[in-house]
Amino acid sequence: MSRIVVTGGAGFIGSHLCERNLADGHEVVAIDNLLTGDIDNIAHLMGDPAFTFQQQDCTHYIHVSGPVDAIMHFASPASPVDYLELPIQTLKVGSLGTHNVLGLAKAKEARIVVASTSEVYGDPLVHPQTEDYWGNVNPIGPRGVYDEAKRFLEAITLAYHRTHGIETRIARIFNTYGPRMRMRDGRVVPNFMCQALRNESITVYGDGDQTRSFCYVSDLVEGMVRLLWSEETGPVNLGNPAEMTIMQFAEKIRDTVGSSAPIVHEELPVDDPRVRQPDISKARRVLDWEPVVPLETGLESTVAYFREKLAAGGELPG
Ligand code: UDP
């Protein structure tokens, strides 16, 4: 059994990783500054003697007492709306935060998996995206704060591997959804679901022809755990290759919710990628992994989560 640090442990994916590692019999130390994370996501784990929570900002020196066998570095704002509102924090956690976390890995002789992103491919000119594609990122656009922070994260992670021999792993995570996404984080899944549940207009940005590929959180977590314990040092795409247009996705959400809310078009954000679809051949080969949760099943459980949240806040139409 291992002792595992999860940074961003109170976030959407981080909290699911905490849960999964505890279920696998490990000890978990969750670190989060609660900037975009939420203590409610881990409240149910607080009584578990194998779980501890440290409210801490990774961009400052990180102290964890006792041994650490593995680190999962997930701290960062992750929604375009969040990183546009928090550009400096986003850059700092991807750079200074990753540096500190790698320092912790070195000091504790721990293996580490870091959360990179499909955003390292920017507005991709290769489709679907393979790990050997270097990307098409605008470094000075508003999204550049996230994209470049994560590109730096990959560079410093490999530098620590090459220089200090640390066991490092890099996951390039594509659009992931599921319970515990923040209702107001601005991403397409919470936006469309909450709009459909409230019977408000569904806001499709641009013409809705842009594509995304959505992976359910339990699939992502399975891939992440396999990657952590694998021997693969190079970046690995983790995502669901089932691609669709945002317009098709809006209709899918309306059907799932059983809503007749109208679809309206709003302005497309700057540098919004036109297409995105992971090539997961490498993950299939080195991790023997692929997503197994059908979109309909994942959407049902996510809608149930948002329905409950909205009902608790008195935000559903009577
Ligand atoms: N989007 C949309 N309406 C919304 C929120 C997002 O049409 O209310 C679009 C957005 O422009 C993008 C896609 O949905 O093309 C996915 O956006 P998200 O913010 O979830 O993440 P991204 O994939 O851009 O990182």
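Each ligand, and each atom within it, is numbered from 1 in the order the structure gives.
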Looking just at side-chain N and O atoms, do Asn240 and Tyr177 make a donor-acceptor pair shorter than 3.5 Å? no
Would you mind running through ligand 1 and noting each atom that sits below 4.0 Å from a heavy atom of Ile246? 7 (O), 13 (C), 14 (O)
Exercise: do Gln54 and His63 side chains pair donor with acceptor under 3.5 Å: no
Closest to atom 16 (C) of ligand 1 (heavy atoms only, candidates Arg212, Arg274, Arg276, Glu266) is Arg212
Rounded to the nearest 0.5 Å, how far does OG1 of Thr176 lie from NE2 of His16? 10.5 Å
So, does Thr211 use its side chain to make a donor-acceptor pair with the main chain of Arg276 at under 3.5 Å? yes
Report, in ascending order of atom number, the atoms of ligand 1 lying under 4.0 Å from any heavy atom of Val204. 7 (O)
Can you check whether Asn175's main-chain N or O pairs, donor with acceptor, with Arg187's side chain at less than 3.5 Å? no
For His26, I'd like to know if atom NE2 has over 12 heavy atoms of other residues, nucleotides or ligands within 6.0 Å. yes
Kindly identify the option in Asp272, Asp185, Asp147, Thr176 whose heavy atom sits closest to atom 10 (C) of ligand 1. Asp272
Which one holds for Arg187 and ligand 1: side chain close, backbone close, both close, or neither close, with close meaning a heavy atom under 4.0 Å? both
May I have all residue pairs that pass side-chain hydrogen bond (donor to acceptor under 3.5 Å, both in side chains) and include part of residues 216-228, sequence neighbours excluded? Arg20-Glu222, Tyr216-Ser301, Glu222-Arg226
So, does Gly208 sit close enough to ligand 1 that a heavy atom of it is under 4.0 Å from the ligand? no
Anything under 30° is parallel, anything over 60° is perpendicular, the rest tilted; go ahead and classify Tyr146 against Tyr83. parallel
Below 4.0 Å, non-hydrogen atoms only: which portion of Pro269 touches ligand 1? Side chain, backbone, both or neither. side chain
Whether the Gln195 and Thr203 side chains hold a donor-acceptor pair (N or O, under 3.5 Å, no angle test) is what I'd like checked. yes
Non-hydrogen atoms of Phe192 versus ligand 1: any pair closer than 4.0 Å? yes
Under 4.0 Å from ligand 1, counting heavy atoms only, is it the side chain of Arg143, its backbone, both or neither? side chain
Is any N or O atom of Asn191, backbone or side chain, closer than 3.5 Å to an N or O atom of ligand 1? yes
Nearest-contact summary for atom 18 (P) of ligand 1 - protein heavy atom, Å: Val188 N, 3.8 Å
Applying the side-chain hydrogen bond (donor to acceptor under 3.5 Å, both in side chains) test to Arg182, which of Asp82, Thr36, Asp38 qualifies? Asp82
At a 4.0 Å threshold, what atoms of ligand 1 neighbour a non-hydrogen atom of Gly186? 5 (C)
Enumerated ligand 1 atoms positioned under 4.0 Å from heavy atoms of Asn175: 21 (O), 22 (P), 23 (O)
Identity of the nearest option to atom 7 (O) of ligand 1, non-hydrogen atoms only, from Phe174, Tyr83, Tyr205: Tyr205
Min heavy-atom dist Ser79 to ligand 1 below 4.0 Å: no
Any idea which part of Val81 is under 4.0 Å from ligand 1, heavy-atom wise: side chain, backbone, both or neither? neither
Just to be sure I read this right, does ligand 1 sit under 4.0 Å from the backbone of Glu119, its side chain, both, or neither, counting only heavy atoms? side chain
By salt bridge (Lys or Arg N to Asp or Glu O under 4.0 Å), which residues pair with Lys282, not counting sequence neighbours? Glu232
Output the list of atoms in ligand 1 that are nearer than 4.0 Å to some heavy atom of Thr203, sorted by atom number. 2 (C), 3 (N), 4 (C), 7 (O), 8 (O)
